[in-house]
Trainee: 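Submitted below is the structure of interest, expressed as structure tokens.
Just so it is clear, the values below take in all heavy atoms, side chains as well, and ignore hydrogens, waters and symmetry mates. Numbering of residues begins at 1 and proceeds along the displayed sequence. These numbers were taken from a predicted model, which means no experiment stands behind them.
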Amino acid sequence: MARHLVTSALPYINGIKHLGNMVGSMLPADVYSRYLRLRGHDVLYICATDEHGTPAELAAKAAGTSVAEFCAQAHDAQKAVYDGFELAFDHFGRSSSHQNVEITQHFARKLWENGFIEERAISQVYSPVDGRFLPDRYVEGTCPHCGYDKARGDQCENCTRVLDPTDLLEPRSAISGSTELEIRETKHLFLLQSRLQHEVEAWVSRHEADWPQLSSSIARKWLTEGLHDRAITRDLDWGVPVPADTWPELAAEGKVFYVWFDAPIEYIGATKEWADAAPDGETRDWKSWWYEADDTVRYTQFMAKDNVPFHTVMFPATQLGVREPWKKVDVVKGFNWLTYYGGKFSTSQKRGIFTDAALETLPADYWRYFLIANAPESDDSSFTWEHFAATVNKDLADTLGNFVNRVLSFSRKRFGDEVPAGATAGEAEARLGEEIARLLTEYEEHMDTLQYRKAAAALRALWSAGNSYLEEKAPWLEIKTSPDGAALTLRTAMNLIHLYAIVSEPLIPTSAAAMRGAFALESDTATWVTPEEAKSLTTIQPGTPFTVPPVLFAKITDEDLESYRERFGGSDA
């Protein structure tokens with residue numbers, strides 16, 4: 001059985017992320033990792049904060065602190081939010097780690113030795129007012145492609161086109177706002193992607209059949225336009241230093257590697273961080289996940305569409321040029337945008353719901369389920385408070401939560417605090433078992449193929465099947481004429497609750513734990529329920545003590561909605 005390596009695009013360090021970031025990378029990666037673990041696979045889920053580049057310097061300057069101190073504090077703040085969302089990383093590292101520095105410099109040296117890095121003199125924006133060169137995001141202006149007037153010097157947030165600072169129209173300094181900019185000559189290192197074009201094309205051709213159409217189309221667009229040589233160093237005070245043993249002149253000038261060169265390498269660096277952080281007595285082999293691992297590791301990446309080019313073209317070009325057997329991605333799961341009332345979530349413009357505020361408003365499971373059930377896979381999807389409330393109330397509160405409460409409360413009232421025995425299972429239970437097995441198979445298929453909306457729909461159908469069975473058997477009526485029949489119905493429903501607890505855990509882990517914990521089983525080691533096992537629904541035996549857990553999901557009222565819209569904005573956001 002292959003081991004599964006899972007990574008999500010590194011969240012940038014400059015502030016708490018919004019729900020669009022969450023659903024575009026980290027949450028689906030967590031759901032998939034949890035599912036794989038439950039199915040018995042060996043899984044390593046790696047992520048980290050992306051800490052280099054101009055935004056980190058600008059944010060630290062605005063905060064009045066050093067970049068190192070700012071990044072350390074921001075890393076801890078982000079990690080606390082991700083813990084609140086129950087993201088079960090095996091390791092959540094930092095791209096500023098010494099492990100990433102060492103591996104990034106190793107990659108650069110190998111690319112240089114193999115003829116894929118070249119030193120070039122280029123013209124670069126210089127600000128006399130600021131007394132420095134202005135790399136990428138230190139320059140703002142108008143995008144030459146779409147006319148967006150707040151484009152950055154590395155990428156246009158509006159049309160996602162990758163830019164150079166000299167491409168911008170009406171450029172200005174992001175530090176001082178000065179428009180008195182000059183073009184001066186300086187030296188930088190370039191990754192010669194043009195020499196790797198055919199190798200990248202061949203690699204994409206071998207793998208894109210396993211990618212969603214969004215990922216493959218973006219990769220093909222870039223390849224069709226042609227790979228261009230790109231500068232991979234910047235004039236910054238913060239970043240992975242250019243090694244002096246290879247480029248002494250550039251090192252003396254304080255050049256550092258471009259964030260999009262070292263950030264993907266941090267997937268490897270963070271894995272080494274994980275290994276180096278092993279407790280006493282435990283040995284972790286980080287390299288077996290990355291080096292000569294094509295036949296033993298299945299590698300899946302998760303990211304929003306603006307990150308797809310870097311992971312389907314640029315980073316593979318880097319790995320190919322190193323000429324070493326580093327593991328390359330097998331599946332790139334790209335996502336479209338989650339919008340807020342039709343407008344983009346934006347960290348820079350503070351538009352939308354941010355993850356810390358989300359957790360202050362409602363528990364994580366509400367957000368996890370809604371986001372996965374409405375994941376922006378085939379196209380963009382819109383968050384509205386009205387849609388969110390309707391989903392929570394119908395799926396979580398009514399379909400699942402009410403089922404759990406009805407079954408356990410009624411059984412406790414009529415039969416006490418132990419699972420009743422009742423009659424032998426009959427035709428209705430057999431039909432239910434077949435239906436549960438069918439839906440569970442469907443759920444597994446969608447999870448295996450990373451179809452999140454369809455997986456959530458199959459899970460919701462599993463919950464609905466329990467309600468349909470309960471309505472058919474009507475134990476509140478059945479008990480009047482056949483107490484044993486009612487006991488059978490309730491016992492079967494309790495087995496459904498236990499099954500729901502197991503298979504719902506990837507999406508709603510806290511609620512799943514509460515459902516599972518309702519039963520005082522002497523040994524509850526089940527990690528999954530196969531469709532064949534699901535047919536019998538006999539895990540919870542008569543006489544098993546149980547408790548009624550607190551309400552799993554509270555309904556969102558009209559008053560709640562009004563307060564949420566007042567706090568976060570509504571249709572006019």
Side-chain angles (χ1 to χ4, degrees), residues 1-9 22-48 82 85-92 207 210-212 215 267 270-271 274-275 284-286 288-290 293-303 311 327-335 364-365 368-369 371-373 375 377 439-459 462 499-513 516 524-534:
M1 184 179 291
R3 295 180 297 162
H4 286 266
L5 176 64
V6 178
T7 63
S8 48
M22 178 62 68
V23 73
S25 58
M26 289 172 286
L27 179 56
D30 176 73
V31 169
Y32 186 54
S33 298
R34 286 176 176 275
Y35 169 73
L36 290 173
R37 292 188 189 107
L38 287 168
R39 296 297 304 274
H41 294 280
D42 186 6
V43 180
L44 186 65
Y45 176 25
I46 294 293
C47 193
Y82 304 146
F85 267 88
E86 298 287 337
L87 301 184
F89 304 114
D90 286 286
H91 186 74
F92 186 69
H207 291 83
D210 291 332
W211 301 353
S215 299
Y267 296 130
T271 309
W274 162 78
R284 297 172 177 171
D285 182 6
W286 71 272
S288 69
W289 289 91
W290 283 103
D294 282 344
D295 297 330
T296 60
V297 174
R298 174 84 167 170
Y299 179 18
T300 307
Q301 291 178 337
F302 294 83
M303 68 203 64
H311 293 79
K327 176 66 182 178
K328 288 173 280 294
V329 67
D330 293 299
V331 179
V332 180
K333 176 65 175 178
F335 288 87
D365 280 358
R368 288 178 62 104
Y369 177 78
L371 293 172
I372 291 300
E377 294 176 296
L439 292 170
L440 183 55
T441 299
E442 184 179 322
Y443 177 58
E444 290 177 349
E445 290 172 351
H446 295 321
M447 291 290 278
D448 288 336
T449 55
L450 306 177
Q451 299 294 311
Y452 286 97
R453 284 194 180 201
K454 292 180 179 179
L459 182 60
L462 277 166
L499 182 145
Y500 293 162
I502 295 172
V503 302
S504 303
E505 192 265 346
L507 276 71
I508 48 171
T510 301
S511 305
R516 197 161 182 166
D524 189 7
T525 59
T527 57
W528 195 249
V529 182
T530 67
E532 190 62 33
E533 291 170 338

Trainee: With sequence neighbours excluded, what pairs up with E532 under the salt bridge (Lys or Arg N to Asp or Glu O under 4.0 Å) test?
Mentor: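 For E532 the salt bridge (Lys or Arg N to Asp or Glu O under 4.0 Å) partners, ignoring immediate neighbours, are K535.
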
Trainee: Identify whether the distance between the nearest side-chain nitrogen and carboxylate oxygen of E377 and K333 falls below 4.0 Å.
Mentor: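 Yes, this pair counts.
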
Trainee: I need the minimum non-hydrogen distance between V329 and Y299, along with the two atoms involved.
Mentor: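 Taking V329 first and Y299 second, the nearest heavy atoms are CA-CD2, 3.4 Å.
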
Trainee: Does a side-chain heavy-atom distance below 4.5 Å link L38 with P506?
Mentor: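 L38 reaches P506 side chain to side chain.
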
Trainee: What are the two closest non-hydrogen atoms of G334 and P212, and how far apart are they?
Mentor: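 Scanning both residues completely, I find the closest heavy atoms to be N-CG, 3.9 Å.
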
Trainee: Holding to salt bridge (Lys or Arg N to Asp or Glu O under 4.0 Å), I want the full list of residues that pass it with K327, two or more places apart in sequence or in another chain.
Mentor: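 If we apply the salt bridge (Lys or Arg N to Asp or Glu O under 4.0 Å) test to K327, skipping adjacent residues, the hits are D294, D330.
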
Trainee: So that I can tick it off, tell me whether E444 and R39 are bridged by a salt bridge, with the cut-off set at under 4.0 angstrom between side-chain N and carboxylate O.
Mentor: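 Answer for the salt bridge query: yes.
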
Trainee: Heavy atoms, side chains only, cut-off 4.5 Å: are R298 and V331 in contact?
Mentor: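 Yes, their side chains come closer than 4.5 Å.
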
Trainee: Can you sort out the partners of A457 under side-chain contact (heavy atoms from CB on, under 4.5 Å), two or more places apart, ordered by chain and number?
Mentor: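 Listed in chain order: R460.
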
Trainee: Taking only residues at least two apart or on different chains, which pairs with a member in residues 23-37 satisfy salt bridge (charged side-chain N to carboxylate O under 4.0 Å, His left out)?
Mentor: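 Non-adjacent pairs meeting salt bridge (charged side-chain N to carboxylate O under 4.0 Å, His left out): D30-R34, D30-R368, R34-E505, R37-D90.
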
Trainee: Going by side chain to side chain donor-acceptor pair (under 3.5 Å), name the residues that satisfy it together with T271, two or more places apart in sequence or in a different chain.
Mentor: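 Side chain to side chain donor-acceptor pair (under 3.5 Å) list for T271, sorted by chain: W290.
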
Trainee: Output the distance between atom CG (L44) and atom CZ (R3), rounded to the nearest 0.5 Å.
Mentor: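 Between L44 CG and R3 CZ, I get 8.5 Å after rounding to 0.5 Å.
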
Trainee: For Y35, enumerate each residue passing the ring pair (Phe, Tyr, Trp, His ring centres under 6.0 Å) test, keeping only those at least two apart in sequence or located in another chain.
Mentor: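 Y35 satisfies ring pair (Phe, Tyr, Trp, His ring centres under 6.0 Å) with W528 only.
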
Trainee: Using 0.5 Å steps for rounding, measure from the CG atom of L5 to the OG atom of S288.
Mentor: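 With rounding to 0.5 Å, CG (L5) is 10.0 Å from OG (S288).
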
Trainee: Using side-chain contact (heavy atoms from CB on, under 4.5 Å) as the criterion, list what pairs up with A270, not counting sequence neighbours.
Mentor: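 Only I46, A48, H91, E266, E273 meet the side-chain contact (heavy atoms from CB on, under 4.5 Å) criterion with A270.
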
Trainee: Do any N or O atoms from the side chain of S8 and from the backbone of A29 form a donor-acceptor pair under 3.5 angstrom?
Mentor: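 Side chain of S8 to backbone of A29: no pair is present.
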
Trainee: With a 4.5 Å cut-off on side-chain heavy atoms, are M22 and Y82 touching?
Mentor: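 Contact flag for Y82/M22 side chains = yes.
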
Trainee: Please name all residues satisfying salt bridge (Lys or Arg N to Asp or Glu O under 4.0 Å) with E86, sequence neighbours left out, ordered by chain then number.
Mentor: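 E86 satisfies salt bridge (Lys or Arg N to Asp or Glu O under 4.0 Å) with no other residue.
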
Trainee: I need the T7 OG1 to M26 CE distance, nearest 0.5 Å.
Mentor: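 Between atom OG1 of T7 and atom CE of M26 there are 12.5 Å.
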
Trainee: What residues, two or more places apart in sequence or in another chain, satisfy side-chain contact (heavy atoms from CB on, under 4.5 Å) together with A501?
Mentor: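 Residues passing side-chain contact (heavy atoms from CB on, under 4.5 Å) with A501: M515, R516.
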
Trainee: Atom OH in Y267, atom NE2 in H311: separation rounded to 0.5 Å?
Mentor: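 Spacing of OH (Y267) from NE2 (H311) equals 3.0 Å.
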
Trainee: Would you please name every residue forming a side-chain contact (heavy atoms from CB on, under 4.5 Å) with A513, sequence neighbours left out?
Mentor: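 A513 satisfies side-chain contact (heavy atoms from CB on, under 4.5 Å) with no residue once adjacent residues are dropped.
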
Trainee: Would you compute the distance between atom SG of C47 and atom CZ of F302 and round it to the nearest 0.5 angstrom?
Mentor: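 It comes to 12.0 Å.
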
Trainee: With a sphere of 6.0 Å drawn around NZ of K328, does it hold more than 12 non-hydrogen atoms of other residues, nucleotides or ligands?
Mentor: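 Above 12, so yes.
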
Trainee: Show your working on side-chain contact (heavy atoms from CB on, under 4.5 Å) between Y452 and L371 and close with a plain yes or no.
Mentor: CA-CA 9 Å; Y452 286 97; L371 293 172; over 6 Å; no

Trainee: Is there a donor-acceptor pair closer than 3.5 Å between any side-chain N or O of R453 and the backbone N or O of A375?
Mentor: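 Judged by distance alone, yes, a pair lies under 3.5 Å.
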
Trainee: Would you say that L36 contacts Y45 through its side chain, given a criterion of any heavy-atom pair below 4.5 Å between the two side chains?
Mentor: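 No, side chains not in contact.
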
Trainee: With sequence neighbours excluded, tell me which residues meet side chain to side chain donor-acceptor pair (under 3.5 Å) with Y443.
Mentor: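 For Y443, no residue satisfies side chain to side chain donor-acceptor pair (under 3.5 Å) once neighbours in sequence are set aside.
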
Trainee: Does any part of the side chain of Y32, heavy atoms only, come nearer than 4.5 Å to the side chain of L450, both counted from C-beta?
Mentor: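 Yes, at least one pair of side-chain atoms sits under 4.5 Å.
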
Trainee: Just jot down the side chain to side chain donor-acceptor pair (under 3.5 Å) partners of T530, sequence neighbours excluded, or say none.
Mentor: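 For T530, the residues satisfying side chain to side chain donor-acceptor pair (under 3.5 Å) (neighbours in sequence not counted) are E533.
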
Trainee: Please round to the nearest 0.5 Å and tell me the distance separating atom CG of L440 and atom CD1 of I502.
Mentor: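 If we round to the nearest 0.5 Å, L440:CG and I502:CD1 are 10.0 Å apart.
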
Trainee: Using the rule given for side-chain contact (heavy atoms from CB on, under 4.5 Å), can you reason through W289 versus D42, listing the C-alpha separation, both sets of side-chain angles and the distance that settles it, and then say yes or no?
Mentor: CA-CA 11 Å; W289 289 91; D42 186 6; 4.0 Å; yes

Trainee: Give me the atom names and distance for the closest heavy-atom approach of A512 to S504.
Mentor: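 That closest heavy-atom pairing would be CB-C, 4.4 Å.
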
